[in-house]
Asker: 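Pasting in a structure now, in structure tokens, and then I'll have a few things to ask.
Sequence lines set the chain letters: A, B, ... in the order given, protein chains first and strands last, and positions in each chain run from 1.
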Amino acid sequence: MSKREIVVVGNGMVGHHFVNTLVEAATGDRITILGGEPRPAYDRVHLSDVFAGRSPEDLALATRDTYKEWGVEAVFGDPVAAIERDKKEVVTEGGRRFAYDKLVLATGSYPFVPPVPGHEHERCLTYRTIDDLGEIRAKAKDSKIGVVVGGGLLGLECANALQNLGLQTHVVEFAPGLMGVQLDDGGSAMLRRKIEELGVNVHTGKNTQRIVDGDDCALRMEFADESVLETDMIVFSAGIRPWDQLARDCELAVGERGGIVVDTKCKTSDSDIYAVGECALFGGRIFGLVAPGYRMAETAAASVAGTDGVLFQGADMSTKLKLLGVDVGSIGDAHGRTPGAMSFVFSDQRENIYKRLVTSGDGKSLLGAVLVGDCGEYDTLLQYHLNDIELPADPQALILPNVGGAPVGLGVAALPATATICSCHNVSKGDIVGVIDAGCCSLGEVKAETKASTGCGGCAAMLKNLVDDELAARGVAVDKSICEHFAFTRQDLYNIVRVENIRSFDALLDKHGKGMGCDICKPAVASILASCWNDYVLEQPHAPLQDTNDRFLANLQKDGTYSVVPRVPGGEITPDKLIALGYVAKKYDLYTKITGGQRVDLFGARMEQLPDIWGELIQAGFETGHAYGKALRTVKSCVGSTWCRYGVQDSVGMAILLEERYKGLRSPHKLKMAVSGCTRECAEAQGKDVGVIATEKGWNLYVCGNGGMKPRHADLFATDLDDETLIRYIDRFFMFYCRTADRLQRTSVWMENMEGGLEYLQQVIIEDSLGLGAELEAQMAAVIGAYQCEWKTTVEDPEKVAQFKFFVNADATDENVVFVRERKQVRPATEEERAAMSADILATAS
Amino acid sequence: MSQWNDICSVADILPNSGRCALLGGDQVAIFRVAGGDGDTFYALANHDPFSGANVISRGIVGSLGERLVVASPVYKQHFCLDSGECVEDGEVKLRTWPVRVEGDRVLLAS
Ligand SMILES: Cc1cc2nc3c(=O)[nH]c(=O)nc-3n(C[C@H](O)[C@H](O)[C@H](O)COP(=O)(O)OP(=O)(O)OC[C@H]3O[C@@H](n4cnc5c(N)ncnc54)[C@H](O)[C@@H]3O)c2cc1C
């Protein structure tokens with residue numbers, strides 16, 4: 001039999017999932033993707049993350065290469081114009097023809113734009129694709145005010161985006177309330193309150209009649225009640241319509257209000273044509289969420305592959321999301337429309353929390369729920385609903401605030417095996433238990449094996465509980481030992497060192513470890529010893545524990561040479577010191593580069609040159625910069641109120657004070673700080689472990705940000721602090737981190753893994769809930785008191801200097817280090833350059 | 001016939017660490033491992049085949065199970081101190097040299 005031709009029209013989230021599933025089924029068919037957008041499938045659900053700083057490339061679900069590897073032909077940017085069922089061919093707008101044996105329509109939907117006069121204006125936009133996103137950004141640049149038409153889920157998400165773009169934002173809704181589909185009146189009203197508090201203007205019950213040129217702004221919206229609203233741009237988000245024109249034109253059955261009719265196998269009225277995702281109509285409904293679309297894709301793929309028994313039976317439309325920072329959850333029959341249903345409502349107007357349970361008349365099963373302002377119970381309630389678990393005698397206890405007493409959650413243990421844990425990838429509790437039985441023994445492995453929690457991530461907490469619970473039930477002690485030599489976590493080791501007053505690695509190994517130690521535990525223990533006692537790191541017996549960077553107090557580069565970074569507190573440097581730096585760099589012929597932390601990095605220093613280089617730098621007044629250590633690196637600053645027209649505080653002064661205070665602090669991972677003199681944030685403090693931003697009244701403190709591979713914005717921790725309080729909080733914060741983080745765990749991951757997260761950290765640091773405050777401050781004071789410039793101590797000790805000699809028995813230097821010049825500076829020679837050089841030498845020798 | 005060459009004094013190499021020696025044209029990393037009944041010395045090539053840099057003597061000394069190893073400071077592969085074998089890649093092996101101590105002097109065979 002010749003290979004079948006499978007053609008997939010539309011390469012959105014669901015179309016991609018279909019192809020992925022069919023490829024995994026290895027049917028040997030030839031698959032062709034015809035995508036209307038100019039790029040391969042991307043994660044539309046997280047489109048708004050781009051406004052929060054994620055790059056569009058990060059959203060990609062596939063690249064052209066992915067499809068090549070899969071052996072799938074893919075054409076982008078040439079939409080299909082017609083289906084010719086009699087010939088079993090499709091034709092693109094560009095006139096290309098593709099024959100099919102099976103055709104899959106995954107064309108999704110498009111934003112509905114109400115046909116009000118003026119809607120064609122170039123400042124009227126929609127929000128569905130990456131291209132739309134670019135348009136919105138471009139228009140927002142010269143806008144002050146933005147309106148979103150539509151107060152549903154997508155509209156509010158869009159409003160959030162406009163706010164993030166700095167626009168004064170309005171939401172205009174035709175219905176009397178926001179998110180009418182998912183929320184009842186009470187929930188909708190609470191959501192409105194919260195959103196208005198955040199500065200978004202909400203106009204409900206507004207029927208837009210015309211859009212005309214404005215007086216003060218580009219546009220004016222005129223409403224049926226004769227009120228008007230001026231705005232610089234409008235984004236329509238008034239619902240979606242299935243993209244079913246292709247199906248209509250070739251006379252497939254479509255619904256009255258649109259949508260391609262499909263059966264439980266996702267087949268249309270033509271049994272060789274399938275429809276999946278938002279273009280499909282099943283049981284009279286369009287499923288406008290990605291999880292049901294994925295189920296359809298799997299169903300259609302199974303049918304194409306000839307696997308029986310996978311049927312689409314409709315899907316649960318419960319949702320949990322954060323809109324404009326407000327937690328909103330909707331489960332099942334949120335409006336209580338089931339005959340005989342009962343409701344339990346809790347409303348707290350001080351904290352702006354609203355919760356409603358809808359139960360059956362006998363109060364035994366949960367039909368629906370609405371949660372606004374606090375979604376803590378969402379997972380539990382959803383499980384009650386989906387698995388029809390009998391409710392407790394007092395169902396209201398499930399949503400009442402937990403004053404004292406233990407929380408009334410439904411433990412993961414109580415869930416049936418069929419309970420869905422991850423709806424994006426359709427992973428049930430049974431699936432997870434299955435892979436654990438088959439040998440997975442960590443959260444990471446379970447995620448890799450089942451894909452659970454790799455979609456929207458909404459089930460992360462529940463998944464972790466389940467995995468922990470299952471592992472515990474099997475008696476698997478989750479092994480957090482740092483390595484084979486110590487059956488302890490870093491945190492345990494830290495406590496042991498403190499409590500038993502242990503001063504060396506050997507003492508710790510003798511009492512609590514086995515073997516000799518290794519390149520994992522030695523540097524980790526060296527760092528703990530330094531955080532606690534702050535001894536000179538090259539003192540015996542600490543020196544052999546250090547990673548080579550700490551051992552030679554410089555940063556090892558790929559050719560075995562080092563780079564040198566003197567401290568420049570706050571990035572402030574006198575001309576004389578700058579000249580001295582230049583002088584040293586020139587004398588030793590070092591490649592010189594300005595760093596992102598506002599200092600200067602000198603590369604290409606040979607091991608044996610380091611003491612001489614530092615002798616001269618110290619002469620010129622420099623201190624070591626700890627660029628080589630898991631330690632405080634820099635405190636970056638903007639120029640602040642001293643010079644800047646906008647600055648409100650002396651950011652440079654504060655940065656210097658902080659850098660001088662914490663320099664030399666060794667920690668589980670490197671630490672970076674920054675101080676900005678106003679909210680323009682030129683020092684990028686929100687990308688640092690600790691960021692400080694000046695306000696009119698003092699300082700705002702941000703924590704746990706970082707750049708690098710997985711950038712994370714810091715969280716606002718405390719506001720309008722005076723100098724003294726700011727420093728007290730930072731002292732406590734750093735010491736608590738040194739005490740409780742894992743080895744090589746940045747502050748961001750440390751906090752994310754902490755039960756209770758930011759709030760817990762605020763309690764410990766600000767409210768001193770553990771009663772540790774004074775102790776942490778005292779420990780920090782001890783570290784600060786014990787500071788020494790490690791390079792000064794080193795160059796003053798001839799025995800230490802002798803350790804930097806490259807050969808223990810000769811004065812020669814490493815001939816393997818070869819430099820060439822590029823842009824007037826040295827750099828390591830490449831392999832080819834080295835080869836060419838040795839050929840030259842041979843040639844001259846002969 | 002091997003010839004013993006005087007390299008340095010025992011005290012030049014800190015316990016549980018390495019130093020690099022020049023032997024003829026070869027760079028040799030000598031390690032001193034402290035033990036209950038005296039110190040043991042090992043000698044391996046200083047050239048790290050993974051990074052191409054001469055850095056092995058600057059690695060951290062330790063144990064993996066029963067094996068004594070040094071970790072390359074560049075990409076952290078482990079090499080057995082006695083055989084030179086790479087733990088992560090069975091195909092890679094560093095050259096080794098006989099080493100011994102006489103009095104307080106460390107000697108390498110060439
Ligand atoms: C801003 C935003 C936020 C969202 N948030 C969530 C959320 O939090 N949770 C959730 O579950 N869902 C969310 N959704 C909905 C979710 O994105 C959709 O359910 C999902 O993308 C549907 O996938 P699909 O493949 O059916 O359609 P789409 O992803 O729209 O893909 C259809 C593709 O087909 C292409 N196409 C159309 N016609 C043709 C043609 N004739 N020829 C070739 N190609 C064609 C289109 O250009 C498009 O690329 C959100 C949607 C948006 C816009």
Side-chain angles (χ1 to χ4, degrees), chain A residues 483-485 505-506 509 513-524 526 538-552 554-562 606-608 799-800 802-818 828-831 834, chain B residues 5-36 46-48 50-78 81 87 105-108:
Chain A
C483 68
E484 65 183 60
H485 305 104
F505 179 81
D506 287 344
L509 190 72
K514 59 169 199 270
M516 262 193 72
C518 65
D519 55 311
I520 305 288
C521 59
K522 284 184 171 180
L538 295 190
E539 201 54 82
Q540 268 296 17
H542 304 318
L545 307 176
Q546 313 292 346
D547 257 326
T548 188
N549 283 1
D550 271 317
R551 176 79 193 275
F552 295 98
N555 292 45
L556 181 73
Q557 303 301 328
K558 64 179 186 183
D559 62 345
T561 63
Y562 289 88
R606 293 162 179 272
M607 195 171 130
E608 65 273 15
E799 265 183 40
K800 298 287 180 299
Q803 291 286 326
F804 285 81
K805 254 184 86 182
F806 192 84
F807 293 113
V808 66
N809 62 338
D811 286 329
T813 155
D814 182 8
E815 285 180 359
N816 189 41
V817 171
V818 182
T830 63
E831 284 302 325
R834 283 165 177 274
Chain B
N5 304 271
D6 181 275
I7 301 295
C8 61
S9 83
V10 166
D12 287 333
I13 310 178
L14 301 178
N16 295 323
S17 72
R19 287 297 294 274
C20 180
L22 191 59
L23 183 66
D26 294 322
Q27 291 195 12
V28 183
I30 309 176
F31 295 95
R32 171 180 175 191
V33 177
N46 192 42
H47 188 74
D48 171 11
F50 294 98
S51 63
N54 292 336
V55 292
I56 294 295
S57 64
R58 289 175 256 172
I60 292 180
V61 172
S63 65
L64 287 182
E66 297 299 308
R67 292 175 294 194
L68 292 180
V69 295
V70 57
S72 161
V74 183
Y75 300 119
K76 317 289 177 195
Q77 290 87 357
H78 298 89
L81 289 181
V87 174
R105 303 300 297 174
V106 180
L107 312 180
L108 275 182

Asker: Can you say whether Arg19(B) sits under 4.5 Å from chain A via the side chain, the backbone, both, or neither, judging by heavy atoms?
Answerer: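 Just its side chain gets close to chain A.
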
Asker: Side chain, backbone, both or neither: which part of Asp6(B) has an atom under 4.5 Å from a heavy atom of chain A?
Answerer: neither

Asker: For atom CD of Gln540(A), decide whether the heavy atoms of other residues, nucleotides or ligands shown that lie under 6.0 angstrom number more than 12.
Answerer: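 Above 12, so yes.
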
Asker: Hey, could you give me the SG/NZ distance between Cys8(B) and Lys805(A), rounded to the nearest 0.5 Å?
Answerer: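 The NZ atom of Lys805(A) is 10.0 Å from SG of Cys8(B), to the nearest 0.5 Å.
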
Asker: Do Asp547(A) and Ile60(B) have side-chain heavy atoms sitting under 4.5 Å apart?
Answerer: yes

Asker: Need one label for Ala810(A): side chain, backbone, both or neither, based on atoms under 4.5 Å from any heavy atom in chain B.
Answerer: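 Ala810(A) touches chain B through side-chain heavy atoms alone.
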
Asker: Output the option from Asp48(B), Val33(B), Asn54(B), Asn16(B) having the highest count of non-hydrogen pairs under 4.5 Å with chain A.
Answerer: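 Highest number of pairs under 4.5 Å: Asn54(B).
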
Asker: Looking only at non-hydrogen atoms, find the nearest pair between Pro73(B) and Thr548(A) and report the distance.
Answerer: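 For Pro73(B) versus Thr548(A), the nearest heavy atoms are CB-CG2, 3.5 Å.
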
Asker: Quick one: what part of Val61(B) sits under 4.5 Å from any heavy atom of chain A, side chain, backbone, both or neither?
Answerer: both

Asker: Sort out for me which of Leu545(A), Val808(A), Val817(A) touches chain B most, counting heavy-atom pairs under 4.5 Å.
Answerer: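 Highest number of pairs under 4.5 Å: Val808(A).
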
Asker: Heavy-atom pairs under 4.5 Å with chain A - which of Val69(B), Asp12(B), Val106(B) has more of them than the others?
Answerer: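 Between Val69(B), Asp12(B), Val106(B), the count favours Asp12(B).
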
Asker: If you count heavy-atom pairs under 4.5 Å between each of Ala11(B), Gly62(B), Gly65(B) and chain A, which one has the most?
Answerer: Gly62(B)

Asker: Could you give the distance from CG (Asn809(A)) to OG (Ser9(B)), rounded to the nearest 0.5 Å?
Answerer: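 So the gap between those two atoms works out to 11.5 Å.
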
Asker: Using side chain to side chain contact (heavy atoms under 4.5 Å, CB included), reason through Phe806(A) and Asn46(B) one step at a time and then give a plain yes or no.
Answerer: CA-CA 11 Å; Phe806(A) 192 84; Asn46(B) 192 42; 4.1 Å; yes

Asker: Looking at side-chain heavy atoms only, is the closest gap between Arg551(A) and Ser17(B) below 4.5 Å?
Answerer: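 The answer is yes; the side chains approach within 4.5 Å.
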
Asker: Looking only at non-hydrogen atoms, find the nearest pair between Ala53(B) and Gly560(A) and report the distance.
Answerer: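 Taking Ala53(B) first and Gly560(A) second, the nearest heavy atoms are CB-N, 3.8 Å.
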
Asker: Val74(B) versus chain A, heavy atoms under 4.5 Å apart: side chain, backbone, both or neither?
Answerer: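 Contact with chain A is through both the backbone and side chain of Val74(B).
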
Asker: Is there a donor-acceptor pair closer than 3.5 Å between any side-chain N or O of His78(B) and the backbone N or O of Asp519(A)?
Answerer: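 Not a single qualifying donor-acceptor pair exists.
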
Asker: Out of Met607(A), Lys514(A), Gln557(A), return the one with the most heavy atom pairs under 4.5 angstrom to chain B.
Answerer: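 So the answer, after comparing Met607(A), Lys514(A), Gln557(A), is Met607(A).
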
Asker: I need the minimum non-hydrogen distance between Met516(A) and Ser63(B), along with the two atoms involved.
Answerer: N-OG, 3.0 Å

Asker: At under 4.5 Å between heavy atoms, what parts of residues 21-32 of chain B are in contact with chain A? List them by residue number.
Answerer: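 If one takes a 4.5 Å heavy-atom cut-off, the residues of residues 21-32 of chain B near chain A are Ala21(B), Leu22(B), Gln27(B).
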
Asker: With respect to chain A, which residue among Leu68(B), Leu14(B), Val55(B), Ile13(B) yields the maximal number of heavy-atom pairs within a distance under 4.5 Å?
Answerer: Leu14(B)

Asker: Please rank Gly517(A), Pro541(A), Ala812(A), Cys483(A) by heavy-atom pairs under 4.5 Å with chain B and give me the top one.
Answerer: Gly517(A)

